[in-house]
Amino acid sequence: MSLLETDELYVEYTSKKGVTGQEQIVRAVNGISLDIRRGEVLSVAGESGCGKSTLAKALMKLTEVKSGEIFFEGKNVINLKTKSELQDFYKKVQMIFQNPYSSLNPKMKIGQILSEPLEINTKLSKKQITEIVEEKISQVGLDKSALNLYPHEFSGGQRQRIAIARALVSEPELIIADEPVSALDVSIQAQIINLIKYLKDNFNLTFLFISHDLSVIRYISDRIAIMYLGEIVELGLTEEIFQSPKHPYTAALLSAVPQINQNNKIQQVKLNGELPSPQHLPSGCKFHTRCPYVMEKCKTQVPEEKFFSDFHTCKCFLYP
Ligand code: SF4
């Protein structure tokens with residue numbers, strides 16, 4: 001059952017161009033229809049600049065949506081306006097950011113950081129809040145003594161554990177994790193990924209996991225969405241995507257990861273050129289400027305979604 005759904009979601013914003021200061025429209029999310037099912041880890045993968053983080057912000061109501069719909073537990077998120085509606089939404093949907101240090105107030109002790117959302121948004125007693133905070137800090141693998149320390153007294157990995165504990169205190173149903181390990185050392189990344197997997201398996205949490213790292217994504221995900229220039233071009237179960245990628249862009253991303261490549265013997269696809277700017281989106285299939293299989297119709301016509309299984313879809317003219 002879907003916990004969150006989007007329907008034809010578009011997000012665009014204006015940015016100023018170079019020294020001229022001329023305003024340009026950045027089309028970051030272009031018609032995304034996606035569902036996140038209760039209890040799963042759905043990952044969104046793609047190169048930097050493909051719109052992954054803008055999608056995450058739109059789902060969290062941190063950026064304006066141009067058109068389309070977002071439903072959380074059947075309720076239209078875009079229409080949530082009152083304080084109590086927003087409080088309820090942010091209690092159930094939490095976000096973890098790439099840089100844990102900048103997301104923790106350096107002047108507050110960890111205990112205060114974790115207590116604050118409960119003091120503001122609930123009527124729980126001080127004792128109840130302390131119990132919850134102690135429970136959450138231990139769930140993320142830190143000792144209770146951490147609550148009396150400041151963020152700067154922790155390593156990067158420990159700070160990300162604290163950021164996860166802060167997300168957990170409101171007992172959320174969905175956590176949106178935007179590149180949560182990419183700022184960490186490789187040795188620490190595995191610990192945080194294992195923690196997320198543990199939380200998902202033991203507390204029935206649902207995650208939208210955003211990353212450019214396919215090795216990490218393979219380990220943690222139930223399903224994977226491949227994003228290119230603001231569109232989902234392929235979506236499927238993890239093993240469908242890794243064993244039998246359909247879209248040339250997915251195959252190119254997998255080709256670039258040596259350890260995945262060796263094990264799967266996937267078709268080698270080399271990307272031509274750079275990711276086009278979202279200010280100047282290509283016509284037709286947006287991947288046509290880089291696709292080794294490009295045909296004439298790809299330059300002017302937009303491919304429709306094709307189904308390969310109940311879960312596996314792809315948008316590409318290579319498939320009739
Ligand atoms: Fe390549 Fe055409 Fe498929 Fe786009 S539709 S991925 S350009 S073959």
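Counting starts at 1 for both ligands and their atoms, in listed order.
Taking every non-hydrogen atom of Cys291 and a distance limit under 4.0 Å, the qualifying atoms of ligand 1 come out as 1 (Fe), 6 (S), 7 (S), 8 (S). Ligand-side atoms of ligand 1 in range of Leu318: 8 (S), range being under 4.0 angstrom from any heavy atom. For ligand 1 and Phe287, the ligand atoms under 4.0 Å from any heavy atom of the residue are 6 (S). Of all atoms in ligand 1, numbered sequentially from 1 with element shown, those under 4.0 Å from a heavy atom of His288 are 7 (S). Atoms of ligand 1 found under 4.0 Å from any heavy atom of Tyr293, numbered from 1 in the order shown, are 8 (S).
Heavy atoms of Pro248 found under 4.0 angstrom from ligand 1 belong exclusively to the side chain. For His247, every heavy-atom contact with ligand 1 shorter than 4.0 Å involves the side chain, none the backbone.
The aromatic ring centres of Tyr228 and His247 sit 6.0 Å or more apart.
The closest heavy-atom contact to atom 7 (S) of ligand 1, among the options Cys314, Cys298, Pro303, comes from Cys298.
Of the possible polar contacts, none joining the Lys246 side chain to the Glu234 backbone as a donor-acceptor pair under 3.5 Å is found.
Side-chain atoms of Ser187 and Asp185 include no donor-acceptor pair closer than 3.5 Å.
Salt bridge Lys200/Asp222: present, at least one basic N to carboxylate O contact under 4.0 Å.
Of all protein heavy atoms, the one closest to atom 5 (S) of ligand 1 is Phe317 N, 3.3 Å. Of the protein's non-hydrogen atoms, the one nearest atom 4 (Fe) of ligand 1 is Cys285 SG, 2.4 Å.
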